[in-house]
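Here is the structure we will look at.
In each ligand, atom 1 is the first atom listed, and ligand 1 is the first ligand listed.
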Amino acid sequence: MKIITAKDYAQLSKAACDIVSDKLKKISQPVLGLATGSTPEGLYECLIERCNMGEISFRNATTFNLDEYVGLDETHPGSYQYYMKEKLFNHIDLPIERANVPSGTDADLEAHCKAYEEKIREIGKIDIQVLGIGVNGHIGFNEPGTSFDSRTHVVELDPSTIEVNSRFFDSIDEVPGKAVTMGIQTIMDADEVVLIISGENKADTVAAFMESDVTEDFPASILKKHPNFTLIVDEAAYSKVQTKA
Ligand code: F6R
């Protein structure tokens with residue numbers, strides 16, 4: 001595990017942007033694994049800026065998002081399809097047909113999950129997977145207790161996740177109770193994984209991550225076993241770690 005400590009959120013976003021930009025420059029047909037939520041917003045702003053300046057291009061890229069809420073389609077402002085268009089896809093030169101986000105509205109979600117995995121397998125592998133972390137240690141929407149062998153599947157969201165994510169909705173009652181998520185094995189199959197964590201509200205989570213054994217009770221702990229894993233944290237998020245790297 002490589003750890004990059006950034007001074008603040010801006011520096012963290014730039015560090016993540018440098019890593020993703022490097023992939024876009026070096027790989028002829030790069031495959032990116034993308035996350036939503038608050039944390040990657042600065043990364044996406046940076047990627048948009050560099051794309052507009054002609055420094056990087058997504059013309060030959062393919063993207064796979066981690067997750068989507070069950071029941072929300074791309075027109076719902078709380079959906080991750082909507083988020084991705086707003087925060088990234090509408091502003092870069094990525095051919096939209098190569099932007100993959102799991103569907104939360106497919107009539108047969110189980111079949112959709114299998115097809116999503118198959119699509120990743122067909123393309124080969126995800127070259128770089130960007131992740132955020134939930135306060136409970138979830139990655140994607142793989143909540144504590146999820147099998148490390150899991151692949152794309154439908155999950156019941158943890159009450160704590162529903163509460164934390166209610167900030168993206170008008171009320172907590174609007175937050176779907178289920179989601180489709182890439183599995184932990186899907187994430188671990190990526191060639192490289194970058195986990196970005198920012199802010200004081202994640203300080204306990206980062207301390208727990210650093211101290212945790214590799215256990216399904218803390219899903220992100222498996223990343224310690226990934227051969228090409230980078231943790232990027234800002235000082236606020238790193239503030240409760242006892243033994244600093
Ligand atoms: C989002 C995702 C989640 C988030 C996590 C942190 O696609 O997979 O695991 O990364 O919930 O969210 P934020 O960044 O909003 O704290």
Side-chain angles (χ1 to χ4, degrees), residues 6 8-9 12-13 16 20 32-45 63-70 72 74 76-89 99-104 113 116 126 128-146 150-169 172 175-188 190 193-206 208-209 218-223 229-234 236-238:
D8 53 21
Y9 181 67
L12 168 143
S13 300
V20 176
L32 312 178
L34 301 176
T36 58
S38 304
T39 317
E41 288 188 9
L43 159 65
Y44 296 154
E45 279 167 24
T63 65
F64 286 94
N65 261 81
L66 283 166
D67 39 21
E68 179 60 285
Y69 289 109
V70 168
L72 303 192
E74 62 188 314
H76 193 292
S79 76
Y80 286 164
Q81 295 182 70
Y82 188 96
Y83 169 108
M84 287 310 298
K85 283 188 183 150
E86 286 281 299
K87 308 280 184 201
L88 186 67
F89 298 154
N100 299 285
V101 181
S103 164
C113 291
Y116 200 71
I126 290 174
I128 185 158
Q129 176 66 56
V130 176
L131 296 176
I133 191 171
V135 285
N136 63 1
H138 75 212
I139 47 174
F141 271 141
N142 295 288
E143 302 285 24
T146 306
S150 55
R151 298 222 163 251
T152 303
H153 62 296
V154 178
V155 290
E156 295 268 349
L157 295 175
D158 222 65
S160 68
T161 300
I162 292 176
E163 196 183 322
V164 172
N165 286 4
S166 64
R167 71 189 191 282
F168 295 109
F169 294 81
I172 194 163
V175 188
K178 286 184 180 180
V180 174
T181 182
M182 273 186 200
I184 294 183
Q185 190 58 55
T186 324
I187 293 169
M188 288 297 281
V193 178
V194 176
L195 171 61
I196 48 178
I197 317 181
S198 168
E200 215 183 315
N201 66 324
K202 293 276 175 74
D204 286 325
T205 310
V206 175
F209 172 77
F218 196 89
S221 63
I222 189 69
L223 299 172
F229 166 58
T230 304
L231 169 66
I232 310 179
V233 270
D234 61 15
Y238 208 51

Inset, instruction - Please confirm whether Ile139 comes within less than 3.5 Å of ligand 1 when only nitrogen or oxygen atoms on both sides are compared. - result: no
Inset, instruction - Check ligand 1 against Ala35 and write out every atom of the ligand that is under 4.0 Å from a heavy-atom position of the residue. - result: 7 (O)
Inset, instruction - Starting from the C-alpha separation in whole Å, work towards a yes-or-no answer on side chain to side chain donor-acceptor pair (under 3.5 Å) for Glu45 and Ser13. - result: CA-CA 9 Å; Glu45 279 167 24; Ser13 300; over 6 Å; no
Inset, instruction - Start with the C-alpha gap between Leu32 and Ile126, add the side-chain angles, then the distance that decides, and say whether side chain to side chain contact (heavy atoms under 4.5 Å, CB included) holds. - result: CA-CA 6 Å; Leu32 312 178; Ile126 290 174; over 6 Å; no
Legend entry - For atom 8 (O) of ligand 1, closest protein heavy-atom neighbour: Asp67 OD2, 2.7 Å
Inset, instruction - Assign the ring pair Tyr83 / Tyr44 to parallel, tilted or perpendicular, where the plane angle (0 to 90°) is split at 30° and 60°. - result: perpendicular
Inset, instruction - With heavy atoms only and a cut-off of under 4.0 Å, state how Thr39 meets ligand 1: side chain, backbone, both or neither. - result: both
Legend entry - Closest protein heavy atom (residue, atom, distance) for atom 6 (C) of ligand 1: Ile133 O, 3.2 Å
Legend entry - Nearest-0.5 Å distance that lies between atom CG in Leu88 and atom CG in Asn65: 9.0 Å
Legend entry - Protein heavy-atom partner closest to atom 11 (O) of ligand 1 - residue, atom, separation in Å: His138 NE2, 2.7 Å
Legend entry - Polar contact flag for Asn165 and ligand 1 (N/O pairs, less than 3.5 Å): no
Inset, instruction - Among all protein heavy atoms, pick out the one at the shortest distance from atom 3 (C) of ligand 1; state its residue, atom name and that distance to 0.1 Å. - result: Gly140 O, 3.5 Å
Inset, instruction - Using a 4.0 Å heavy-atom cut-off, say whether Met84 meets ligand 1 through its side chain, its backbone, both or neither. - result: neither
Inset, instruction - Would you mind checking which non-hydrogen protein atom is closest to atom 16 (O) of ligand 1, with the distance to 0.1 Å? - result: Lys202 NZ, 2.7 Å
Legend entry - ligand 1-proximal atoms of Thr36, by part, heavy-atom distance under 4.0 Å: both
Legend entry - Polar proximity ligand 1 side, Arg167 side, N/O cut 3.5 Å exclusive: yes
Legend entry - Ring centres under 6.0 angstrom apart (Tyr69, Phe169): yes
Inset, instruction - Could you please spell out the steps behind the side chain to side chain contact (heavy atoms under 4.5 Å, CB included) verdict for Asn136 and Val164? - result: CA-CA 10 Å; Asn136 63 1; Val164 172; over 6 Å; no
Inset, instruction - Output the list of atoms in ligand 1 that are nearer than 4.0 Å to some heavy atom of Leu66, sorted by atom number. - result: 8 (O)
Legend entry - Side-chain donor/acceptor of Glu200 to backbone N/O of Ala237, under 3.5 Å: no
Inset, instruction - Find all atoms of ligand 1 within a distance of less than 4.0 Å from any non-hydrogen atom belonging to Gly132, and give their numbers and elements. - result: 10 (O)
Inset, instruction - Measure the NE2-OG1 distance between His153 and Thr181 for me, rounded to the nearest 0.5 Å. - result: 6.0 Å
Legend entry - Atom of Phe89, atom of Leu34 and distance for their closest heavy-atom approach: CE2-CD1, 4.0 Å
